[in-house]
Amino acid sequence: MIWNERMECISPSELKNIQSERLRETVAYVYQNSPYYRKKLQAADINPERVRDIGDLKHLPFTIKEDMRDSYPFGLFSAPLKSIVEIHVSSGTTGNPTVVGYTREDIKLWSEVMARALCCAGAKPQDMIQIAYGYGLFTGGLGFHYGALEMGLIILPASSGQTKRQLKLMADFKPRILACTPSYCLYMAEEAREMGIDPKKSSWEVGSFGAEPWSESMRREIEATWNMAALDVYGLSEITGPGVAHECQHKDGLHIFWDVFYPEVINPKTGKPAEDGKEGELVITTLTKKGIPLLRYRTRDIVNIDYKKCKCGRTSPRISKITGRTDDMIIVRGINVFPSQIEHVLLGIEGTKPHYQLIVDRKAGELDELDVLVEVEQKFFSDEIKGLRAIEEKIKKEIESILGIFVKVKLVEPKTLERSEGKAKRVVDKRVI
Ligand SMILES: [Zn+2]
């Protein structure tokens, strides 16, 4: 089933007219309503009336994460606060988080693209869906909720965590669709076996998994463990949350809904378009959003993009699974973690050095773990062990309060951590994904 056949199967040449018209409207709209964008466009010497078609996009300036942070909380909004109906917040690098606001129209758009995404996954009206993404300021839970509501699914808004209860809901209510992070899905298998539930006999036939990078081997493991189809969903709160792109049953890249989220792939070093077929940084322009429309937003996700028509009949291009990031960000249990956040905490604690390392690991069937290694002054090691414990506890508490996930902190003696001549190696990602 294709949710919006008109838009998802349209010929690219016909769509180009629609995209061009939407781009003209968006540029005029932000120029008129956002002092921030007006200044930015003026500085780049862009006259909105000269933006004619989607090909003119390449002349427009980029928007980056720092633009959002610098204009905290509402400076990048183009719509007045009184027309915003929902606000979501995600963690940023240091200090201020990223804030996004949705008008009623934006929520409709989100519902529409998430309905398309769920159809890509193979959902049919009246299927039951268990949504085990977190509900709250994080966009995962509510994004799926809106799409499922739009499609007419039966929603189990389980939210994240409480694994035993998740499994009981699955066993008793028999939902056909599961939405959560891929690592949580595997984690649930261990718990299921302990409860005497055979994962292979689960009611889940289809899973929509995202919010963290995962690989083909993880897909094979999930599919074999649960006897279900595992499909990839992509999104980021700056653009809308989940629902930017989704794999169809052919599992050959994620269809990006480009009538509303226009993709470009650029060379992150030069800002110029990546060579044909080469991977690069995904840049997205929202073509219909009103609350916080973004021009050429640099996602920092590395992908390549395939414009060939898919066997499913959809004509939208497909982005590859995310192969990396242009910054140091890591995603741990669906949470964005930036080394600079940790650094910020350490700078405020006496006796620590600015030498630290984050080690993220995932043992089979378990959730991601984040270890923080921190060098402290030698004197702490000659003091009583109590002093070490106290400082360890302090660092742990502060990091946890910022990230919202448990971490392990290990204090090490000065000069233990490997030094680098160039960029410090802050992150060691041992996950096999
Ligand atoms: Zn397809």
Side-chain angles (χ1 to χ4, degrees), residues 1-16 18-19 54 109-125 127 129 143-144 147-148 150-153 176-179 182 185 204-211 213-220 222-223 228-236 239-265 274 276-280 282-284 287 299 301-323:
M1 180 179 173
I2 294 175
W3 182 251
N4 186 336
E5 226 171 301
R6 158 101 185 100
M7 278 303 165
E8 292 179 82
C9 302
I10 191 171
S11 81
S13 59
E14 191 187 347
L15 181 61
K16 195 177 164 202
I18 297 172
Q19 289 164 331
I54 198 75
L109 167 69
W110 198 9
S111 309
E112 154 80 19
V113 290
M114 269 312 301
R116 293 186 196 179
L118 285 162
C119 280
C120 278
K124 302 183 294 285
D127 276 345
I129 181 170
F144 271 84
E150 178 76 12
M151 261 204 84
L153 304 186
R176 189 176 157 256
I177 300 161
L178 170 67
C185 179
W204 296 322
E205 291 176 21
V206 176
S208 175
F209 302 117
W214 57 302
S215 63
E216 287 302 325
S217 62
M218 195 153 169
R219 184 197 320 266
R220 283 192 293 274
I222 292 175
E223 294 191 332
M228 74 194 291
L231 299 166
D232 197 355
V233 57
Y234 174 73
L236 60 169
I239 300 302
T240 196
V244 174
H246 204 291
E247 280 182 329
C248 69
Q249 54 170 326
H250 297 289
K251 301 174 194 167
D252 188 17
L254 292 81
H255 285 283
I256 183 160
F257 305 122
W258 67 334
D259 55 315
V260 287
F261 306 130
Y262 191 83
E264 300 170 83
V265 176
D276 263 353
K278 284 258 170 64
E279 65 173 27
L282 179 64
V283 172
I284 299 176
L287 295 177
T299 65
D301 288 319
I302 302 291
V303 301
N304 54 42
I305 194 159
D306 185 349
Y307 288 91
K308 287 194 294 291
K309 188 175 166 179
C310 181
K311 281 181 267 182
C312 71
R314 292 176 181 86
T315 47
S316 51
R318 284 157 290 144
I319 56 170
S320 59
K321 272 179 167 302
I322 310 300
T323 57

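These numbers come from a predicted model, not from an experiment. If you read the sequence from its start, that first residue is 1, and numbering goes on from there. In listed order, ligands and their atoms are each counted from 1.
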I'd like to check the salt bridge (Lys or Arg N to Asp or Glu O under 4.0 Å) partners of K309; sequence neighbours left out, ordered by chain and number.
none
So do the side chains of T299 and Y234 get within less than 4.5 Å of each other, counting heavy atoms only?
yes
I need the C120 SG to Q249 CD distance, nearest 0.5 Å.
10.0 Å
For a distance under 2.8 Å, give residue and atom name for each protein N, O or S atom next to the Zn ion (ligand 1).
C248 SG, H255 NE2, C310 SG, C312 SG
So does R116 pair up with E5, basic N to acidic O under 4.0 Å?
no
Just checking, any donor-acceptor pair under 3.5 angstrom between side chains of Q19 and D259?
no
Decide yes or no for D232 and H246: does some side-chain heavy atom of the first lie under 4.5 Å from some side-chain heavy atom of the second?
no
